[in-house]
Amino acid sequence: METIDDNEMDGLCREMQTRFASRGMDLFTMLCFDDTQVPFALATDDCCFLVDRVRQSVIRDYYRLKLAAGKLAEKEPQARIFGILLVGSTQGIASEFLRFAGMNDIALLEPEKAGEFIEGKLAKTT
Amino acid sequence: MNKIIYYPSEKKYSTAGYSYPDPDNALELIRLANNCGINVQFNDIQSVKNPRFYICRGEGFLQLNRKNFFAVKIPDQVRPMLRYCSEIEVSIFGRNDSADTVYPRVEQVLRIPEYMLHDMTRHDQPRKPRDEVNAPSGYIHTHPAEIFYGWLAGTLDGEIVMEYRKEGEIFALVHDGNTMMLVSFFNEPESEWMATESENNDYPPLWFSAESYSRSPLYSVRCAAEYLRDRGLGRILPLVILSDHINIINARDMVDTWRESGVTVCYCSRKEEFIAPFAEGIEAAEFDHPEFLFLDYEEIQNVRKALHDFQDLRT
(Lines give C-alpha, C1' and ligand atoms only; values in the text may rest on other atoms or scores of the structure.)
Protein backbone atom coordinates (compact mmCIF):
# COMPACT_ATOMS: atom_id res chain seq x y z
CA MET A 1 0.00 0.00 0.00
CA GLU A 2 1.43 3.37 -1.09
CA THR A 3 1.18 5.96 1.64
CA ILE A 4 1.48 9.74 1.82
CA ASP A 5 4.48 11.09 3.70
CA ASP A 6 4.64 14.15 6.00
CA ASN A 7 6.02 16.45 3.29
CA GLU A 8 3.18 15.60 0.92
CA MET A 9 0.67 16.23 3.69
CA ASP A 10 2.19 19.63 4.45
CA GLY A 11 2.19 20.52 0.76
CA LEU A 12 -1.42 19.48 0.35
CA CYS A 13 -2.43 21.41 3.45
CA ARG A 14 -0.91 24.63 2.05
CA GLU A 15 -2.40 24.01 -1.36
CA MET A 16 -5.90 23.50 0.07
CA GLN A 17 -5.59 26.58 2.23
CA THR A 18 -4.69 28.70 -0.77
CA ARG A 19 -7.27 27.11 -3.03
CA PHE A 20 -10.21 27.55 -0.65
CA ALA A 21 -9.28 30.78 1.14
CA SER A 22 -11.50 32.76 -1.22
CA ARG A 23 -14.43 30.43 -0.38
CA GLY A 24 -14.42 31.47 3.25
CA MET A 25 -12.90 28.21 4.49
CA ASP A 26 -10.78 28.19 7.60
CA LEU A 27 -7.85 25.88 8.07
CA PHE A 28 -7.39 24.01 11.34
CA THR A 29 -4.34 21.92 12.00
CA MET A 30 -3.61 19.10 14.41
CA LEU A 31 -7.14 18.60 15.66
CA CYS A 32 -7.56 16.30 18.64
CA PHE A 33 -10.63 14.15 19.25
CA ASP A 34 -9.96 12.30 22.49
CA ASP A 35 -7.15 9.96 21.50
CA THR A 36 -7.48 10.59 17.77
CA GLN A 37 -5.50 13.30 16.02
CA VAL A 38 -6.36 14.63 12.57
CA PRO A 39 -3.61 16.56 10.74
CA PHE A 40 -5.82 19.24 9.27
CA ALA A 41 -9.38 20.28 8.51
CA LEU A 42 -11.02 22.83 6.27
CA ALA A 43 -14.28 24.25 7.50
CA THR A 44 -17.01 26.71 6.70
CA ASP A 45 -19.85 27.50 9.07
CA ASP A 46 -21.89 24.50 7.97
CA CYS A 47 -19.39 22.14 6.41
CA CYS A 48 -16.15 20.54 7.57
CA PHE A 49 -13.59 18.35 5.83
CA LEU A 50 -11.31 16.33 8.07
CA VAL A 51 -8.20 15.28 6.18
CA ASP A 52 -5.91 12.45 7.21
CA ARG A 53 -3.77 9.83 5.54
CA VAL A 54 -3.34 6.10 5.79
CA ARG A 55 -0.71 5.28 8.35
CA GLN A 56 -1.35 1.73 9.59
CA SER A 57 -3.95 0.20 7.32
CA VAL A 58 -6.82 1.45 5.22
CA ILE A 59 -9.39 -0.21 7.43
CA ARG A 60 -7.94 0.90 10.74
CA ASP A 61 -7.35 4.48 9.58
CA TYR A 62 -10.78 4.67 7.99
CA TYR A 63 -12.27 3.62 11.30
CA ARG A 64 -10.16 6.15 13.22
CA LEU A 65 -11.25 8.98 10.91
CA LYS A 66 -14.86 7.86 11.10
CA LEU A 67 -14.70 8.02 14.89
CA ALA A 68 -13.17 11.51 14.72
CA ALA A 69 -15.90 12.63 12.34
CA GLY A 70 -18.51 11.18 14.68
CA LYS A 71 -17.08 13.07 17.63
CA LEU A 72 -17.02 16.32 15.68
CA ALA A 73 -20.61 15.71 14.60
CA GLU A 74 -21.60 15.45 18.25
CA LYS A 75 -20.04 18.86 18.92
CA GLU A 76 -21.33 20.44 15.72
CA PRO A 77 -24.62 18.68 15.05
CA GLN A 78 -25.74 21.22 12.46
CA ALA A 79 -22.58 20.88 10.36
CA ARG A 80 -22.08 18.40 7.53
CA ILE A 81 -18.87 16.48 8.30
CA PHE A 82 -16.82 14.76 5.63
CA GLY A 83 -13.65 12.77 6.04
CA ILE A 84 -10.91 12.53 3.45
CA LEU A 85 -8.51 9.67 3.90
CA LEU A 86 -5.56 10.09 1.59
CA VAL A 87 -4.01 7.05 -0.02
CA GLY A 88 -1.14 6.76 -2.48
CA SER A 89 -3.42 4.86 -4.79
CA THR A 90 -6.89 3.44 -4.59
CA GLN A 91 -5.83 0.45 -6.62
CA GLY A 92 -6.01 -2.70 -4.55
CA ILE A 93 -8.74 -1.34 -2.31
CA ALA A 94 -12.00 -3.22 -2.78
CA SER A 95 -14.50 -1.11 -4.70
CA GLU A 96 -17.18 -2.27 -2.24
CA PHE A 97 -15.20 -0.71 0.57
CA LEU A 98 -14.71 2.54 -1.35
CA ARG A 99 -18.46 2.64 -1.90
CA PHE A 100 -19.21 1.81 1.72
CA ALA A 101 -16.83 4.50 2.96
CA GLY A 102 -18.37 7.03 0.58
CA MET A 103 -21.84 6.21 1.89
CA ASN A 104 -20.50 7.06 5.33
CA ASP A 105 -19.09 10.38 4.12
CA ILE A 106 -15.49 9.23 4.22
CA ALA A 107 -13.72 9.43 0.88
CA LEU A 108 -10.57 7.47 0.17
CA LEU A 109 -8.74 9.64 -2.29
CA GLU A 110 -5.43 10.16 -3.94
CA PRO A 111 -4.05 13.62 -2.91
CA GLU A 112 -4.56 15.21 -6.31
CA LYS A 113 -8.28 14.44 -6.13
CA ALA A 114 -8.89 15.98 -2.70
CA GLY A 115 -9.45 19.53 -4.00
CA GLU A 116 -11.93 18.36 -6.60
CA PHE A 117 -13.82 16.35 -3.99
CA ILE A 118 -14.11 19.36 -1.68
CA GLU A 119 -15.25 21.56 -4.58
CA GLY A 120 -17.94 19.05 -5.43
CA LYS A 121 -19.27 18.80 -1.89
CA LEU A 122 -19.22 22.57 -1.42
CA ALA A 123 -21.20 22.98 -4.61
CA LYS A 124 -23.84 20.56 -3.30
CA THR A 125 -24.08 21.98 0.20
CA THR A 126 -24.26 25.67 -0.73
CA MET B 1 10.19 -32.28 21.32
CA ASN B 2 7.21 -33.78 23.07
CA LYS B 3 6.67 -37.46 22.69
CA ILE B 4 3.70 -39.38 23.77
CA ILE B 5 3.60 -43.10 23.64
CA TYR B 6 0.08 -44.36 23.47
CA TYR B 7 -0.95 -47.94 23.93
CA PRO B 8 -4.69 -48.21 23.47
CA SER B 9 -6.72 -51.26 24.03
CA GLU B 10 -7.78 -53.58 21.28
CA LYS B 11 -11.16 -53.30 19.65
CA LYS B 12 -12.36 -55.06 16.58
CA TYR B 13 -14.95 -53.98 14.08
CA SER B 14 -16.10 -55.39 10.80
CA THR B 15 -17.36 -53.20 8.00
CA ALA B 16 -18.02 -53.60 4.32
CA GLY B 17 -16.80 -57.12 4.22
CA TYR B 18 -13.40 -56.31 5.67
CA SER B 19 -12.40 -57.28 9.11
CA TYR B 20 -9.80 -55.29 10.98
CA PRO B 21 -7.37 -56.06 12.25
CA ASP B 22 -6.15 -59.00 10.32
CA PRO B 23 -2.58 -60.19 10.03
CA ASP B 24 -1.86 -58.45 6.75
CA ASN B 25 -3.11 -54.96 7.26
CA ALA B 26 -3.51 -54.57 10.98
CA LEU B 27 -2.20 -51.19 11.89
CA GLU B 28 -1.56 -49.54 15.14
CA LEU B 29 -0.88 -46.05 16.19
CA ILE B 30 1.88 -46.44 18.68
CA ARG B 31 3.45 -43.05 18.69
CA LEU B 32 2.09 -39.59 18.15
CA ALA B 33 4.79 -37.01 18.54
CA ASN B 34 4.73 -33.28 18.18
CA ASN B 35 7.59 -31.35 16.67
CA CYS B 36 6.30 -27.99 15.39
CA GLY B 37 5.04 -28.46 11.86
CA ILE B 38 2.83 -31.09 10.37
CA ASN B 39 4.91 -33.94 9.11
CA VAL B 40 3.18 -37.23 8.94
CA GLN B 41 5.33 -40.28 8.62
CA PHE B 42 4.28 -43.78 8.00
CA ASN B 43 6.52 -46.72 8.42
CA ASP B 44 6.19 -50.27 7.36
CA ILE B 45 2.54 -50.51 6.56
CA GLN B 46 1.78 -53.75 4.87
CA SER B 47 -0.71 -54.23 2.10
CA VAL B 48 -1.64 -50.57 1.90
CA LYS B 49 -0.62 -48.15 -0.82
CA ASN B 50 -0.27 -44.48 0.05
CA PRO B 51 -1.88 -44.44 3.46
CA ARG B 52 -2.64 -40.98 4.83
CA PHE B 53 -3.37 -39.54 8.20
CA TYR B 54 -5.95 -36.80 8.68
CA ILE B 55 -7.03 -34.69 11.57
CA CYS B 56 -10.71 -34.02 11.15
CA ARG B 57 -13.19 -32.71 13.68
CA GLY B 58 -10.63 -33.20 16.35
CA GLU B 59 -10.23 -36.86 15.53
CA GLY B 60 -7.52 -38.66 13.67
CA PHE B 61 -8.32 -40.73 10.64
CA LEU B 62 -6.12 -43.14 8.87
CA GLN B 63 -7.03 -43.62 5.25
CA LEU B 64 -6.18 -46.99 3.85
CA ASN B 65 -7.78 -46.62 0.50
CA ARG B 66 -10.30 -44.38 -1.18
CA LYS B 67 -13.22 -45.28 1.03
CA ASN B 68 -11.99 -46.94 4.13
CA PHE B 69 -10.75 -45.02 7.10
CA PHE B 70 -9.70 -46.00 10.55
CA ALA B 71 -10.77 -43.60 13.25
CA VAL B 72 -7.81 -43.15 15.53
CA LYS B 73 -8.67 -42.14 19.02
CA ILE B 74 -6.44 -39.28 20.03
CA PRO B 75 -5.47 -39.16 23.68
CA ASP B 76 -6.65 -36.06 25.54
CA GLN B 77 -3.14 -34.89 26.30
CA VAL B 78 -2.33 -34.74 22.60
CA ARG B 79 -5.34 -32.66 21.58
CA PRO B 80 -3.84 -29.26 22.46
CA MET B 81 -0.83 -30.14 20.33
CA LEU B 82 -3.01 -31.03 17.40
CA ARG B 83 -4.71 -27.70 17.75
CA TYR B 84 -1.78 -25.38 18.24
CA CYS B 85 1.40 -27.03 17.09
CA SER B 86 2.57 -27.18 13.59
CA GLU B 87 4.11 -30.61 13.31
CA ILE B 88 2.84 -33.98 14.24
CA GLU B 89 4.80 -37.07 13.59
CA VAL B 90 2.76 -40.19 13.36
CA SER B 91 4.52 -43.47 13.14
CA ILE B 92 2.53 -46.51 12.35
CA PHE B 93 3.97 -49.96 12.32
CA GLY B 94 2.66 -53.25 11.16
CA ARG B 95 1.62 -55.54 13.91
CA ASN B 96 4.26 -58.08 13.21
CA ASP B 97 7.00 -55.51 13.73
CA SER B 98 5.76 -54.15 17.00
CA ALA B 99 6.25 -55.41 20.46
CA ASP B 100 3.97 -58.20 21.55
CA THR B 101 2.56 -56.14 24.36
CA VAL B 102 1.25 -53.45 22.01
CA TYR B 103 -2.14 -54.26 20.62
CA PRO B 104 -3.58 -52.94 17.41
CA ARG B 105 -5.89 -50.01 17.79
CA VAL B 106 -8.59 -50.07 15.19
CA GLU B 107 -11.57 -48.46 16.72
CA GLN B 108 -13.86 -48.04 13.81
CA VAL B 109 -13.93 -48.14 10.06
CA LEU B 110 -15.67 -45.10 8.71
CA ARG B 111 -16.83 -43.84 5.41
CA ILE B 112 -16.10 -40.16 5.36
CA PRO B 113 -17.84 -37.91 2.87
CA GLU B 114 -15.51 -36.47 0.26
CA TYR B 115 -16.18 -32.90 1.28
CA MET B 116 -14.68 -33.45 4.69
CA LEU B 117 -11.33 -34.20 3.17
CA HIS B 118 -10.90 -30.93 1.33
CA ASP B 119 -10.51 -28.41 4.11
CA MET B 120 -9.76 -30.69 6.97
CA THR B 121 -6.69 -32.40 5.65
CA ARG B 122 -3.40 -31.52 7.23
CA HIS B 123 -0.25 -32.47 5.45
CA ASP B 124 2.82 -30.78 4.18
CA GLN B 125 1.60 -29.75 0.76
CA PRO B 126 1.20 -26.03 -0.08
CA ARG B 127 -1.89 -24.63 1.58
CA LYS B 128 -4.80 -23.01 -0.15
CA PRO B 129 -5.03 -19.21 0.09
CA ARG B 130 -7.81 -19.44 2.65
CA ASP B 131 -5.39 -21.07 5.05
CA GLU B 132 -2.66 -18.46 4.56
CA VAL B 133 -3.47 -16.47 7.62
CA ASN B 134 -1.32 -13.64 8.91
CA ALA B 135 0.08 -15.50 11.83
CA PRO B 136 3.54 -15.82 13.34
CA SER B 137 5.74 -18.47 11.81
CA GLY B 138 5.57 -21.80 13.57
CA TYR B 139 1.85 -21.40 14.10
CA ILE B 140 -0.37 -23.76 12.22
CA HIS B 141 -3.77 -22.42 11.41
CA THR B 142 -6.71 -24.60 12.24
CA HIS B 143 -10.12 -23.90 10.80
CA PRO B 144 -12.48 -22.78 13.55
CA ALA B 145 -14.97 -25.46 12.44
CA GLU B 146 -12.38 -28.09 13.15
CA ILE B 147 -11.70 -26.68 16.60
CA PHE B 148 -15.39 -26.36 17.39
CA TYR B 149 -16.21 -29.86 16.21
CA GLY B 150 -13.32 -31.16 18.27
CA TRP B 151 -14.76 -29.44 21.32
CA LEU B 152 -18.20 -30.77 20.49
CA ALA B 153 -16.84 -34.29 20.22
CA GLY B 154 -15.50 -33.88 23.73
CA THR B 155 -18.89 -33.00 25.18
CA LEU B 156 -20.96 -35.81 26.59
CA ASP B 157 -23.72 -35.90 23.99
CA GLY B 158 -22.60 -33.35 21.41
CA GLU B 159 -23.62 -34.01 17.84
CA ILE B 160 -23.31 -32.40 14.43
CA VAL B 161 -26.84 -32.73 13.14
CA MET B 162 -26.16 -31.25 9.72
CA GLU B 163 -23.49 -29.31 7.97
CA TYR B 164 -23.81 -27.13 4.91
CA ARG B 165 -20.92 -25.80 2.85
CA LYS B 166 -21.13 -23.30 0.09
CA GLU B 167 -18.53 -21.03 -1.47
CA GLY B 168 -16.10 -21.50 1.38
CA GLU B 169 -18.70 -20.84 4.05
CA ILE B 170 -19.64 -23.50 6.57
CA PHE B 171 -22.88 -23.58 8.50
CA ALA B 172 -23.74 -26.27 10.96
CA LEU B 173 -26.64 -27.33 13.09
CA VAL B 174 -25.25 -28.91 16.21
CA HIS B 175 -26.13 -29.56 19.81
CA ASP B 176 -23.95 -30.02 22.84
CA GLY B 177 -26.42 -32.22 24.68
CA ASN B 178 -28.18 -29.17 26.13
CA THR B 179 -28.78 -26.60 23.44
CA MET B 180 -29.31 -26.61 19.72
CA MET B 181 -26.95 -24.24 17.93
CA LEU B 182 -26.82 -22.83 14.46
CA VAL B 183 -23.20 -22.02 13.79
CA SER B 184 -21.35 -20.12 11.13
CA PHE B 185 -17.59 -19.73 10.98
CA PHE B 186 -15.43 -16.83 9.86
CA ASN B 187 -12.03 -17.90 8.63
CA GLU B 188 -10.74 -15.42 6.09
CA PRO B 189 -6.98 -15.15 5.55
CA GLU B 190 -6.74 -11.43 6.39
CA SER B 191 -6.54 -10.61 10.05
CA GLU B 192 -7.97 -7.11 10.28
CA TRP B 193 -11.69 -6.67 9.66
CA MET B 194 -14.33 -4.06 10.09
CA ALA B 195 -17.78 -5.45 10.68
CA THR B 196 -21.00 -3.90 9.44
CA GLU B 197 -24.45 -5.36 9.97
CA SER B 198 -26.75 -3.03 8.06
CA GLU B 199 -28.16 -3.97 4.68
CA ASN B 200 -27.86 -1.49 1.84
CA ASN B 201 -30.27 -1.55 -1.07
CA ASP B 202 -31.10 -5.20 -0.47
CA TYR B 203 -27.41 -6.11 -0.40
CA PRO B 204 -26.40 -8.17 2.61
CA PRO B 205 -24.16 -6.53 5.21
CA LEU B 206 -20.47 -6.83 4.49
CA TRP B 207 -17.34 -7.17 6.55
CA PHE B 208 -14.32 -5.37 5.13
CA SER B 209 -10.63 -5.96 5.22
CA ALA B 210 -8.03 -3.75 3.57
CA GLU B 211 -8.15 -5.64 0.31
CA SER B 212 -11.30 -7.68 0.30
CA TYR B 213 -14.73 -8.06 1.76
CA SER B 214 -17.00 -10.83 2.83
CA ARG B 215 -20.67 -11.19 3.57
CA SER B 216 -21.28 -10.80 7.29
CA PRO B 217 -21.13 -14.26 8.86
CA LEU B 218 -23.92 -13.11 11.17
CA TYR B 219 -26.24 -12.41 8.30
CA SER B 220 -26.90 -15.98 7.25
CA VAL B 221 -27.36 -17.38 10.75
CA ARG B 222 -29.55 -14.42 11.66
CA CYS B 223 -31.73 -14.98 8.57
CA ALA B 224 -31.89 -18.71 9.26
CA ALA B 225 -32.77 -18.12 12.92
CA GLU B 226 -35.53 -15.70 11.89
CA TYR B 227 -36.81 -18.22 9.37
CA LEU B 228 -36.94 -20.88 12.10
CA ARG B 229 -38.53 -18.52 14.61
CA ASP B 230 -41.30 -17.69 12.13
CA ARG B 231 -42.04 -21.41 12.03
CA GLY B 232 -42.20 -21.79 15.78
CA LEU B 233 -38.69 -23.22 16.00
CA GLY B 234 -37.03 -20.48 17.99
CA ARG B 235 -35.28 -22.57 20.63
CA ILE B 236 -31.93 -22.36 18.94
CA LEU B 237 -28.75 -20.42 19.67
CA PRO B 238 -27.27 -18.64 16.64
CA LEU B 239 -23.51 -18.57 16.94
CA VAL B 240 -20.69 -17.10 14.88
CA ILE B 241 -17.22 -18.41 15.60
CA LEU B 242 -14.29 -16.32 14.46
CA SER B 243 -10.89 -17.77 13.89
CA ASP B 244 -8.55 -16.53 16.62
CA HIS B 245 -6.39 -14.57 14.16
CA ILE B 246 -9.29 -12.29 13.19
CA ASN B 247 -9.31 -8.80 14.71
CA ILE B 248 -12.60 -6.95 14.49
CA ILE B 249 -11.38 -3.38 14.84
CA ASN B 250 -14.84 -2.00 15.55
CA ALA B 251 -16.00 -4.77 17.90
CA ARG B 252 -16.68 -2.14 20.58
CA ASP B 253 -19.22 -0.48 18.27
CA MET B 254 -20.75 -3.71 17.06
CA VAL B 255 -21.30 -5.52 20.31
CA ASP B 256 -24.73 -3.95 20.96
CA THR B 257 -25.86 -4.67 17.40
CA TRP B 258 -24.74 -8.27 17.74
CA ARG B 259 -26.52 -8.61 21.05
CA GLU B 260 -29.73 -7.12 19.64
CA SER B 261 -29.60 -9.52 16.71
CA GLY B 262 -29.51 -12.42 19.19
CA VAL B 263 -26.35 -13.87 17.65
CA THR B 264 -23.46 -14.79 19.92
CA VAL B 265 -20.10 -13.89 18.37
CA CYS B 266 -17.14 -15.81 19.73
CA TYR B 267 -13.53 -16.69 19.17
CA CYS B 268 -12.25 -20.24 19.32
CA SER B 269 -10.06 -19.84 22.38
CA ARG B 270 -9.00 -16.18 22.36
CA LYS B 271 -10.63 -13.87 24.87
CA GLU B 272 -11.08 -10.17 24.22
CA GLU B 273 -13.07 -7.44 25.93
CA PHE B 274 -16.09 -7.87 23.67
CA ILE B 275 -15.63 -11.34 22.23
CA ALA B 276 -15.32 -14.42 24.40
CA PRO B 277 -14.18 -17.94 23.51
CA PHE B 278 -17.07 -20.07 22.29
CA ALA B 279 -17.12 -22.26 25.38
CA GLU B 280 -17.76 -19.16 27.50
CA GLY B 281 -20.14 -17.65 24.96
CA ILE B 282 -22.28 -20.77 24.87
CA GLU B 283 -22.32 -21.02 28.64
CA ALA B 284 -23.40 -17.38 28.94
CA ALA B 285 -26.07 -17.78 26.25
CA GLU B 286 -27.42 -20.89 27.92
CA PHE B 287 -27.58 -18.96 31.18
CA ASP B 288 -29.40 -16.06 29.47
CA HIS B 289 -31.78 -18.39 27.63
CA PRO B 290 -32.79 -21.25 29.90
CA GLU B 291 -35.69 -21.83 27.53
CA PHE B 292 -33.14 -23.13 24.98
CA LEU B 293 -32.10 -25.94 27.29
CA PHE B 294 -33.50 -29.45 27.27
CA LEU B 295 -33.29 -30.98 23.84
CA ASP B 296 -36.29 -32.31 22.06
CA TYR B 297 -35.11 -34.70 19.37
CA GLU B 298 -38.28 -34.31 17.37
CA GLU B 299 -37.70 -30.56 17.38
CA ILE B 300 -34.14 -31.12 16.14
CA GLN B 301 -35.48 -33.04 13.18
CA ASN B 302 -38.04 -30.31 12.49
CA VAL B 303 -35.27 -27.71 12.58
CA ARG B 304 -33.17 -29.81 10.29
CA LYS B 305 -35.99 -30.11 7.80
CA ALA B 306 -36.75 -26.39 8.00
CA LEU B 307 -33.09 -25.56 7.40
CA HIS B 308 -33.11 -27.73 4.30
CA ASP B 309 -36.09 -25.72 3.07
CA PHE B 310 -34.29 -22.49 3.99
CA GLN B 311 -31.25 -23.53 1.95
CA ASP B 312 -33.45 -24.40 -0.99
CA LEU B 313 -34.94 -20.92 -0.83
CA ARG B 314 -31.48 -19.36 -0.86
CA THR B 315 -30.17 -21.30 -3.82
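As a basis for the values below, the full set of heavy atoms in this structure was taken, side chains included, without hydrogen atoms, waters or symmetry mates.
- Residues A:Glu96 and B:Leu206 are in side-chain contact: their nearest non-hydrogen atoms beyond the backbone lie under 4.5 Å apart.
- The distance from atom CD1 of A:Ile93 to atom OG of B:Ser209, rounded to the nearest 0.5 Å, is 11.0 Å.
- Taking OG from A:Ser57 and CE from B:Met194, the interatomic distance works out to 10.0 Å, rounded to the nearest 0.5 Å.
- Contact annotation: the side chain of B:Asp253 approaches that of A:Leu67 to within less than 4.5 Å [non-hydrogen atoms, C-beta and beyond].
- A:Asp45 CG: 12 or fewer foreign heavy atoms inside a 6.0 Å radius.
- Looking at B:Ile249, both its backbone and its side chain come within 4.5 Å of chain A, counting heavy atoms on both sides.
- No more than 12 heavy-atom neighbours from other residues, nucleotides or ligands sit within 6.0 angstrom of CD on A:Glu116.
- To the nearest 0.5 Å, the span separating CZ on B:Phe208 from CD1 on A:Ile59 amounts to 7.5 Å.
- Within a 6.0 Å radius of CD in A:Glu8, other residues, nucleotides and ligands contribute more than 12 heavy atoms.
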A:Phe97/B:Tyr213 under ring pair (Phe, Tyr, Trp, His ring centres under 6.0 Å): CA gap, chis, key distance, verdict:
CA-CA 7 Å; A:Phe97 181 65; B:Tyr213 64 95; over 10 Å; no

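- To the nearest 0.5 angstrom, A:Tyr63 atom OH is 12.0 Å from B:Glu192 atom CD.
- Of the inter-residue distances, the one linking B:Tyr203 atom OH with A:Arg99 atom CZ reads 7.0 Å to the nearest 0.5 angstrom.
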